Asks: 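Take a look at this one; I'll ask things after.
Worth saying up front: this structure is predicted, and the values here are computed from it rather than measured. Start at 1 with the first residue, then count along the sequence.
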Amino acid sequence: MHDMETGQMNHKVFRVSRWIFQEITETLSERDREQLLAWRKEHPDNERVYRALKDRLRLSENLSRLEEIDVRRPMEAMYRRIYEEKRRIRYRSLWRWVSVAAVVAIFAGSFYLLHERKQSADYGSAGTPVVAVGEGRVMLRLGDGRMVGLDTLSCGVQQGNVEALKTEKRQLSYAVGGEAISSGEKVIYNEVLVPRSGNFSLVLADGTTVWVNAESRLRYPVVFNGKERKVYLEGEAYFSVAKDSLHPFVVETEKMDVTVLGTQFNVNTYRVDGCYETTLVEGKVEVCDRLSKKEVVLLPDEQARLQGGNLSVRKVDTRLYTSWVNGRFYFEREALEEIAAQLERWYDVSFFFMREELKQEEFTGVVLRDYSLEQILEIIAKTTDLKFTVNGKAVTLQ
């Protein structure tokens, strides 16, 4: 029975793979296009795999590689072929030569892994776990204590006279009509809780957009009240604040407050070294140490750092601190300990360093957040003194 199910699955894998191949090469018939669309709607995993492959696709300048990969081979053999080829060359040049046929092979392997993960665990061709990007379940805690799963929410949330609409798959908008600033006394607060492997964005009542990173939470009013537009952050978030000179926007964290009128900036409160960072992209912000009450004013491309009671300002490349919003990890001479902490939040794993000095080894590079954990670790290993082992959710570095 199991062999029959496996055979049926393999047949479906190659059928869907062929459809994607034909869609890429603009040879897909209308009937097959409808079947591909129906398959994408069957399960969120299907759509996620489809979009990831479409987003990553880079047509090769050297199409002769098409002949080197036989799409009629068994699925496991094709996946192993790609895996072995990736090990022989540097990842930064991988997508220069990967052809449409290789994409089909990778899809087949990915589809197989997703199927196996539903049955038991997710394993690669070499028998080792493949830690892929997840989409942790984002929850919304309403003012009355009710919890709403935002990933499964289809339309929106109604609270009294205020309705928040699900404008995109991972975005909820409160700026859909009605007043943004209320003169009433009662303020209703909601809180979005983003777990590991998750991310979500909100459009607040005033039009401010907030991107909330993994393992973070943001508490905010459904409608702002009073002279300030205040929200409360634990973790990391990127803010694009709607301008309102009469109502300053305030981000309150455990140790620092950030006050703005209209600007774009990133706030990070969960670095492993205990440093709180505010990085300004455009506009002007005021950062205040809540304990000492010391204040500094930031200009674009500046960062305020609060560590050990010391509030300082430095010039930075803002891409290093905001690239996560655009789906990238951007590291410049970053310690492996800090990199591991970021990967823990994104892939929901735990890192263990077998050598203490390895924590301070540095890495520079840019990688996509939709890479698997193994892909990123292999990239880092090529330029550092690092060896890694992945066993379930435990990652050992030595």
Side-chain angles (χ1 to χ4, degrees), residues 138 140-141 143 171-175 180-182 187-194 199-271 274-307 311-314 316 318 320-325 345:
V138 180
L140 178 68
R141 179 182 288 122
Q171 184 177 80
L172 191 67
S173 177
Y174 291 79
I181 309 294
S182 172
V187 181
I188 299 175
Y189 281 92
N190 285 352
E191 184 176 33
V192 62
L193 299 94
V194 181
N199 64 88
F200 204 80
S201 63
L202 297 164
V203 181
L204 304 181
D206 65 337
T208 292
T209 302
V210 188
W211 290 263
V212 187
N213 207 349
E215 202 171 24
S216 303
R217 60 178 63 197
L218 181 77
R219 185 169 179 261
Y220 57 92
V222 172
V223 177
F224 291 100
N225 188 340
K227 297 179 179 180
E228 294 180 332
R229 295 172 288 163
K230 181 176 286 190
V231 299
Y232 305 86
L233 173 67
E234 179 182 327
E236 183 172 22
Y238 182 90
F239 296 82
S240 180
V241 178
K243 293 184 178 180
D244 183 348
S245 59
L246 299 179
H247 302 89
F249 192 94
V250 180
V251 181
E252 183 175 309
T253 72
E254 182 182 5
K255 295 182 179 180
M256 72 163 52
D257 291 344
V258 183
T259 304
V260 302
L261 297 177
T263 186
Q264 295 189 36
F265 60 99
N266 192 80
V267 178
N268 184 358
T269 71
Y270 55 22
R271 284 184 59 90
C275 180
Y276 278 43
E277 295 175 339
T278 297
T279 307
L280 182 62
V281 176
E282 65 177 48
K284 183 187 293 187
V285 302
E286 178 185 271
V287 180
C288 176
D289 179 352
R290 293 173 58 83
L291 183 61
S292 69
K293 304 303 181 184
K294 179 181 177 181
E295 298 176 350
V296 295
V297 175
L298 297 184
L299 299 178
D301 301 324
E302 289 185 339
Q303 180 184 80
R305 307 182 84 244
L306 178 59
Q307 186 175 27
L311 181 61
S312 60
V313 176
R314 65 175 182 175
V316 296
T318 58
L320 296 172
Y321 306 93
T322 63
S323 60
W324 65 269
V325 178
R345 287 187 286 270

Asks: Where is the tightest heavy-atom contact between Pro221 and Lys230, given as atom of each residue plus distance?
Replies: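 Minimum heavy-atom contact is CD-O, 3.4 Å.
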
Asks: If I take atom CD from residue Glu252 and atom CD from residue Glu234, how far apart are they, to the nearest 0.5 angstrom?
Replies: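 These two atoms lie 12.5 Å from each other.
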
Asks: Quick one: do Glu191 and Arg141 make a salt bridge, cutoff under 4.0 Å?
Replies: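 Between Arg141 and Glu191 there is a salt bridge, with a charged N closer than 4.0 Å to a carboxylate O.
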
Asks: Salt-bridged, Lys294 to Asp289, with N to O below 4.0 Å?
Replies: no

Asks: Which pair of non-hydrogen atoms, one from Thr318 and one from Leu280, has the smallest distance, and what is that distance?
Replies: CG2-O, 3.4 Å

Asks: What closest approach, in Å, do Tyr270 and Glu215 show between heavy atoms, and which atom pair accounts for it?
Replies: CE2-O, 3.5 Å

Asks: Would you give the length of the straight line joining atom CD of Glu286 to atom CG of Leu298, rounded to the nearest 0.5 angstrom?
Replies: 9.5 Å

Asks: Check whether any side-chain heavy atom of Arg305 sits under 4.5 Å from a side-chain heavy atom of Arg314, and report yes or no.
Replies: yes

Asks: With no hydrogens and no angle check, do the side chains of Asn266 and Trp324 hold a donor and an acceptor under 3.5 Å apart?
Replies: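 Trp324 and Asn266 do have a side-chain donor-acceptor pair below 3.5 Å.
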
Asks: Between Ser216 (side chain only) and Val212 (backbone N and O only), is there a donor and an acceptor less than 3.5 Å apart?
Replies: no

Asks: Salt bridge (Lys or Arg N to Asp or Glu O under 4.0 Å) between Arg290 and Glu254: does it pass, once the steps are laid out?
Replies: CA-CA 8 Å; Arg290 293 173 58 83; Glu254 182 182 5; over 6 Å; no

Asks: Indicate yes or no: at least one non-hydrogen side-chain atom of Thr208 is less than 4.5 angstrom from one of Phe224.
Replies: no

Asks: What heavy-atom pair brings Ala304 and Val296 nearest, and what distance separates the two atoms?
Replies: CB-CG2, 4.2 Å

Asks: Donor-acceptor pair, distance only, cut-off 3.5 Å: does the side chain of Lys284 make one with the backbone of Val297?
Replies: no

Asks: Applying side chain to side chain contact (heavy atoms under 4.5 Å, CB included) between Val222 and each of Val187, Ile188, Leu204, report the one that passes.
Replies: Ile188

Asks: Can you find a pair of side-chain heavy atoms, one from Leu233 and one from Arg217, that are under 4.5 Å apart?
Replies: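 With C-beta onward as the side chain, the pair stays apart.
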
Asks: Hey, what's the ring geometry for Tyr220 with Tyr174, parallel, tilted or perpendicular (30° and 60° as the breaks)?
Replies: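 Perpendicular: the ring planes of Tyr220 and Tyr174 meet at over 60°.
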
Asks: What closest approach, in Å, do Val210 and Ala237 show between heavy atoms, and which atom pair accounts for it?
Replies: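 Smallest heavy-atom distance, with atoms named: CG1-CB, 3.9 Å.
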
Asks: Quick one, Tyr189 and Tyr232 - any side-chain contact, counting heavy atoms below 4.5 Å?
Replies: yes

Asks: Can you confirm whether Leu291 is buried at CG, in the sense that more than 12 heavy atoms of other residues, nucleotides or ligands lie under 6.0 Å from that atom?
Replies: no

Asks: Would a distance-only check, ignoring hydrogens and angles, find a side-chain to backbone donor-acceptor pair under 3.5 Å from Asn190 to Gly143?
Replies: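 Yes, because the side chain of Asn190 sits within donor-acceptor range (under 3.5 Å) of the backbone of Gly143.
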
Asks: Side chain to side chain contact (heavy atoms under 4.5 Å, CB included), that's the test. Do Phe249 and Val231 meet it? Break it down for me.
Replies: CA-CA 8 Å; Phe249 192 94; Val231 299; 4.0 Å; yes

Asks: May I ask you to test the Leu172-Val203 pair for a side-chain heavy-atom distance under 4.5 Å?
Replies: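 Heavy-atom side-chain distance check fails, nothing below 4.5 Å.
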
Asks: Could you give me the CA-CA distance, side-chain angles and deciding distance for Val281 and Thr322, then say whether side chain to side chain contact (heavy atoms under 4.5 Å, CB included) is met?
Replies: CA-CA 9 Å; Val281 176; Thr322 63; 3.9 Å; yes

Asks: How long is the span from the CG atom in Leu140 to the CG atom in Leu202, to the nearest 0.5 Å?
Replies: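 So the CG of Leu140 and the CG of Leu202 are separated by 8.0 Å.
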
Asks: Can you tell me how far the OH atom of Tyr321 sits from the OH atom of Tyr238, to the nearest 0.5 Å?
Replies: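 So the gap between those two atoms works out to 15.0 Å.
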
Asks: Hey, what do you get for CD (Gln307) to CD (Glu277), rounding to the nearest 0.5 Å?
Replies: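 That separation rounds to 9.0 Å.
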
Asks: Going through the distances and angles, do Asp301 and Val316 end up as a side chain to side chain contact (heavy atoms under 4.5 Å, CB included)?
Replies: CA-CA 6 Å; Asp301 301 324; Val316 296; 5.6 Å; no

Asks: If I take atom NZ from residue Lys227 and atom CG from residue Leu246, how far apart are they, to the nearest 0.5 angstrom?
Replies: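 Here the rounded value is 11.0 Å.
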
Asks: Checking Thr279 side chain against Gln303 main chain: does a donor-acceptor pair fall under 3.5 Å?
Replies: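 No, because the side chain of Thr279 does not come within donor-acceptor range (under 3.5 Å) of the backbone of Gln303.
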
Asks: Looking only at non-hydrogen atoms, find the nearest pair between Val258 and Phe265 and report the distance.
Replies: CG1-CE1, 3.9 Å

Asks: Just so I know, are the side chains of His247 and Glu228 near enough to count as touching, which here means a heavy-atom distance under 4.5 Å?
Replies: no

Asks: Could you tell me if the side chain of Val138 sits less than 4.5 Å from the side chain of Val192, heavy atoms only?
Replies: yes

Asks: What do the steps show when you test Phe200 against Asn213 for side chain to side chain contact (heavy atoms under 4.5 Å, CB included), and what is the final call?
Replies: CA-CA 7 Å; Phe200 204 80; Asn213 207 349; over 6 Å; no

Asks: Between the side chain of Arg229 and the main-chain N/O of Ala242, is any donor-acceptor distance below 3.5 Å?
Replies: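 Yes.
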
